[in-house]
Amino acid sequence: MGSLEEKLLEQRIKKFEELKELGVEPYPNKFEYSHTISQILERFGGFSSREFEENEKRVKTAGRIMAIRSFGKASFATISDGKHKLQFYIKKNVVDDKTFKIFKLIDIGDIVGVEGRLFRTKTGELTVLVEKLYFLSKCFLPLPEKWHGLTDIELRYRQRYLDLIVNPKVREIFETRSNIIKSIRNFLEERDYIEVETPMMHAIAGGATARPFVTHHNTLDIDLYLRIAPELYLKRLVVGGMERVYEINRNFRNEGISTRHNPEFTMVEFYQAYSDYKDLMDFTEEMFKEVADVVLGVRKFKFGEYEIDLDKWERLSLREAIIKYWDFEGDKPKFEDFKDKEKLKRLFEISGIEFDEDLSEGKLTGILFEEVVEKKLINPTIIYDYPIELSPLSKKKKDEPDYVERFELYIGGMEIANAYSELNDPFDQKERFLQQLKMKEAGDEEAHMMDEDYINALMYGMPPTAGEGIGIDRVTMLFTNSQSIREVILFPLLRPEKKTK
RNA sequence: GGGGCGUUAGCUCAGGAGGUAGAGCAACGGCCUUUUAAGCCGUGGGUCACAGGUUCGAAUCCUGUACGCCUCACCA
């Protein structure tokens with residue numbers, strides 16, 4: 001801590017002591033207000049100067065002092081309720097001496113209540129003429145600069161509270177996030193879905209291919225995994241007769257951090273019986289349109305350098321997409337090429353991607369898709385029919401058993417959702433798990449674990465079911481035009497600071 | 001984990017051919033009863049991220065470390 005910082009703190013502590021000497025209660029228990037600042041703006045924002053003169057409007061409200069403009073015997077100050085700002089005007093000849101003394105001891109950042117009548121200044125600004133001032137809490141540390149705010153990204157994430165105090169846009173992002181979740185929940189509830197909570201700590205990490213976090217339960221003396229997906233539990237509930245279930249909650253994956261990945265992230269995952277993945281394509285499209293209508297009021301919005309239009313959806317099979325977006329010299333690939341390793345090898349050579357002889361045709365096709373197509377999918381695009389090796393929990397296509405009924409939704413070059421017709425044949429599921437185990441033994445750390453109880457559940461019979469997961473953080477990125485996932489997570493994971501000072 | 005870039009006052013930023021640091025805001029002391037980036041006069045405030053090295057001399061050059069950002073890999 002620098003000596004300046006200490007000095008600023010000392011000055012504020014001294015003022016706080018002086019306030020107490022004046023008989024001010026330093027930490028009052030509550031404050032009864034007549035309106036929040038936002039309510040004052042809403043209700044009286046349209047009133048003219050004359051209306052205030054003819055019909056006196058008294059208010060009692062509170063907020064944090066954001067700025068003080070002092071004239072000796074009078075002062076203007078701006079207070080904020082976290083969302084909106086309101087100016088008050090305090091004059092020496094209107095309040096009593098003690099109140100004015102108290103005001104003079106108040107710093108930017110302190111939390112105060114004011115009571116008085118509303119008027120408009122000669123520049124037309126809605127203002128409270130203060131008659132009573134209430135001290136509510138002390139701010140001992142200086143706030144960041146008033147017009148640049150706080151821009152240091154590290155500080156903004158580590159001290160999100162400060163970020164919220166001085167950067168109103170941050171508040172808006174998280175309000176939008178809340179509205180997105182609310183509207184998704186409404187969408188599902190209106191369609192008879194039941195919200196459930198399934199375990200976050202799993203003895204077997206299943207439902208996705210990802211590396212888990214490991215923790216330990218002392219009493220049971222067992223290792224547990226933070227869940228990588230709720231999928232297998234939600235499907236157990238479908239077996240139990242909960243035909244439409246959903247969960248909105250965190251998943252944890254022990255993998256890289258980037259502008260699109262945080263180790264803990266929020267998914268809405270939902271399952272509906274007697275449906276297949278085609279039903280969910282329509283369902284998803286409808287959901288995104290509704291969320292946009294409710295949250296943004298429009299279906300077109302900017303995302304970075306792109307303009308996204310939620311009225312323009314496209315559906316392509318994974319292989320069609322590779323063909324469509326293939327822009328290398330020579331002929332485009334043909335549909336049959338993806339089953340022929342030699343042809344695939346040629347495609348890898350043409351596109352300059354490193355070819356791995358040991359991978360299956362399906363995996364290679366998946367790699368081609370990621371390399372050639374993914375980043376180009378700006379308007380909403382549903383990519384369907386995935387190679388079976390990539391999808392151990394989805395149902396095979398009837399006419400093409402090495403592909404499964406699965407789709408992913410891409411918007412703005414990001415994978416937003418993942419859905420499939422759920423595999424409900426317990427014998428097939430067991431085979432798939434065994435297949436994954438082989439991959440695990442071969443060194444694939446992300447291969448799926450065997451889950452005997454899940455097989456057992458399927459043995460009781462699961463109706464034909466379709467399920468989907470949507471990444472809430474990424475949807476929020478889209479709807480708030482945020483280029484980093486950390487902008488839409490209040491407290492993103494950062495390495496703890498080491499004290500070097 | 002690899003590569004690139006960054007870290008200077010509480011905040012936002014200048015500066016830097018090597019000669020011990022500047023501005024605005026914030027703070028402090030004055031003046032000021034309709035300002036709103038209020039204004040005017042004055043004052044204080046820095047181990048230039050940390051640790052080494054080169055040098056007569058390092059904020060500046062070199063090396064390492066920490067943290068962050070971007071990017072690649074892995075993934076959603």
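By convention in this document, chain letters (A, B, ...) are assigned in the order of the sequence lines, proteins followed by strands, and residues within each chain are numbered from 1. Note that the structure is a prediction, hence the values are computed from the model and not measured.
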*Take atom CD of Glu374(A) and atom P of A73(B), then tell me their distance rounded to the nearest Å.*
11 Å
*Check every strand shown and say whether Gly469(A) touches a base, only sugar-phosphate, or nothing at a heavy-atom separation below 4.0 Å.*
nothing
_By the 4.0 Å heavy-atom rule, please label Leu494(A) as base, sugar-phosphate, or nothing._
sugar-phosphate
*asked:* Within the 4.0 Å heavy-atom criterion, would you say Lys15(A) contacts the bases, only the backbone, or no part of the nucleic acid?
replied: sugar-phosphate
_Nucleotide opposite G1(B) in a Watson-Crick or G-U pair, distances under 3.5 Å_ = C72(B)
*asked:* Please determine whether any donor N or O and acceptor N or O are separated by less than 3.5 Å between the side chain of Glu145(A) and the base of G24(B).
replied: yes
_Lys345(A)/Glu357(A) ion pair, N-O < 4.0 Å_ = yes
_Same-atom distance (P) from U71(B) to G15(B), integer angstrom_ = 26 Å
*Below 4.0 angstrom from OP1 or OP2 of C70(B), is there any side-chain N or O of Arg260(A)?*
no
*Find the partner of G45(B): check Watson-Crick (N1-N3 plus N6-O4 or O6-N4) and G-U wobble (N1-O2, O6-N3) distances, both under 3.5 Å, and reply none if neither fits.*
none
_Under a 3.5 Å distance rule, please check whether Arg156(A) uses its side chain to pair with a backbone N or O of Leu162(A) as donor and acceptor._
no
*Between Ser484(A) and C69(B), does any side-chain N or O lie under 4.0 Å from OP1 or OP2?*
no
*Take the protein atom CG of Asp107(A) and the nucleotide atom P of A27(B), then report the distance between them rounded to whole Å.*
7 Å
*Closer than 4.0 Å, any side-chain N/O of Arg158(A) to the OP1 or OP2 of C67(B)?*
no
*Ring centroid separation for Tyr306(A) and Phe303(A), is it under 6.0 angstrom?*
no
_Nearest-nucleotide pick for Arg12(A), side chain only, options being G44(B), A27(B), U35(B)_ = A27(B)
*For the ring pair Phe119(A) and Phe52(A), is the centre-to-centre distance below 6.0 Å?*
no
*Mind calculating the distance between CG (Asn251(A)) and C1' (A76(B)) to the nearest angstrom?*
9 Å
*Tell me what Thr78(A) touches on the nucleic acid: a base, only sugar-phosphate, or nothing, going by heavy atoms under 4.0 Å.*
nothing
*Starting at CD1 of Ile108(A) and ending at C1' of U35(B), how long is that distance when rounded to a whole Å?*
14 Å
*asked:* Taking G52(B) as the reference, what is the distance to U12(B) when you measure between their C1' atoms (whole Å, please)?
replied: 32 Å
*Of the candidate nucleotides A76(B), G10(B), C11(B), which contains the atom at the shortest distance from the side chain of Leu150(A)?*
C11(B)
_Minimum-distance nucleotide (side-chain atoms of Lys73(A) versus G10(B), A76(B), C32(B))_ = C32(B)
*Is the base of U35(B) touched by the side chain of Thr121(A) through a donor-acceptor pair closer than 3.5 angstrom?*
yes
*Check every atom of U34(B), G44(B), A76(B) against the side chain of Tyr89(A) and return the nucleotide holding the closest atom.*
U34(B)
*Quote, to the nearest angstrom, the P distance that separates U7(B) from G45(B).*
25 Å
*Is G39(B) paired to anything, Watson-Crick or G-U wobble with both distances less than 3.5 Å, and if yes, which nucleotide?*
C31(B)
_Check: Phe479(A) ring centroid to Phe301(A) ring centroid under 6.0 Å_ = yes
*Can you tell me the Watson-Crick or wobble partner of A14(B), both distances under 3.5 angstrom?*
none
*Syn or anti for U8(B) (syn when the glycosidic angle lies within 90° of 0)*: anti
*Gap between atoms CG and C1', on Leu9(A) and A26(B) respectively (whole Å)*: 15 Å
*Distance between the C1' atoms of G46(B) and C5(B), in whole angstroms?*
25 Å
*Between Arg495(A) and C67(B), is there a side-chain N or O to OP1/OP2 distance below 4.0 Å?*
yes
*Consider the side chain of Arg253(A), meaning its heavy atoms from C-beta on, and name the nucleotide among A27(B), A76(B), U35(B) that approaches it most closely.*
A76(B)
*Pick base, sugar-phosphate or nothing for Tyr410(A), based on heavy-atom distances below 4.0 Å to the nucleic acid.*
nothing
*4.5 Å side-chain heavy-atom contact, Glu17(A) and Lys20(A)*: yes
*asked:* Which nucleotide, if any, forms a Watson-Crick or G-U wobble pair with U7(B), using both distances under 3.5 Å?
replied: A66(B)
*Which part of the nucleic acid, if any, lies within reach of Gly256(A) when heavy atoms closer than 4.0 Å are counted: base, sugar-phosphate only, or nothing?*
base
*asked:* Categorize Glu415(A) for me: base, sugar-phosphate, or nothing, with a 4.0 angstrom heavy-atom threshold over every strand shown.
replied: sugar-phosphate
*asked:* What contact category does Glu125(A) fall into here, base, sugar-phosphate, or nothing, at under 4.0 angstrom with non-hydrogen atoms?
replied: base
_Can you list everything that forms a side chain to side chain contact (heavy atoms under 4.5 Å, CB included) with Phe140(A)? Sequence neighbours excluded, please._
Leu9(A), Arg12(A), Ile13(A), Phe16(A), Tyr27(A), Lys138(A)
*Near-ring test Phe283(A)/Phe270(A), centroid separation under 6.0 angstrom*: yes
*Round to the nearest Å and state the distance from Glu53(A) atom CD to U34(B) atom C1'.*
14 Å
*Remember a base hit wins even if backbone is also touched, and classify Arg474(A) as base, sugar-phosphate or nothing at under 4.0 Å, heavy atoms.*
base
*asked:* So if I take every side-chain heavy atom of Thr151(A) and compare against U12(B), G68(B), G10(B), which nucleotide ends up nearest?
replied: U12(B)
*Determine the Euclidean distance between corresponding P atoms of U33(B) and U47(B); express it in Å to zero decimal places.*
40 Å
*With a non-hydrogen cut-off below 4.0 angstrom, is Arg120(A) in contact with a base, only sugar-phosphate, or nothing?*
nothing
_Phe187(A)-Tyr246(A) aromatic ring centre distance below 6.0 Å_ = no
*Is any N or O donor-acceptor pair between the side chain of Glu154(A) and the base of U7(B) shorter than 3.5 Å?*
no
*asked:* By the 4.0 Å heavy-atom rule, please label Asn254(A) as base, sugar-phosphate, or nothing.
replied: nothing
*Check whether any side-chain heavy atom of Met287(A) sits under 4.5 Å from a side-chain heavy atom of Ile470(A), and report yes or no.*
yes
_Can you check the distance between G44(B) and A23(B), where both ends of the measurement are the C1' atom (answer in whole Å)?_
16 Å
*How is Arg156(A) classified with respect to the nucleic acid when contacts are heavy atoms under 4.0 Å: base, sugar-phosphate, or nothing?*
nothing
*Please tell me which of the listed nucleotides, C70(B), U34(B), A26(B), lies nearest to the side chain of Lys122(A)?*
U34(B)
*Rounded to whole angstroms, how far apart are OH on Tyr386(A) and P on A76(B)?*
10 Å
*asked:* Among U12(B), U33(B), U35(B), which nucleotide has an atom closest to any side-chain atom of Asn93(A)?
replied: U33(B)
*Ile153(A), nearest nucleotide to its side chain (from U12(B), A76(B), C69(B))*: C69(B)
*Counting side-chain heavy atoms from C-beta on, which of A76(B), G10(B), C69(B) comes nearest to Leu8(A)?*
G10(B)
_Heavy-atom nearest nucleotide on RNA chain B for Leu155(A) versus Gln87(A): which residue maps closer to 5'?_
Leu155(A)
*Starting at atom NZ of Lys104(A), determine the distance to atom C1' of G30(B), rounded to an integer number of angstrom.*
12 Å
*Can you tell me the pairing partner of U54(B) across any strand shown, Watson-Crick or G-U wobble, with both distances under 3.5 angstrom?*
none
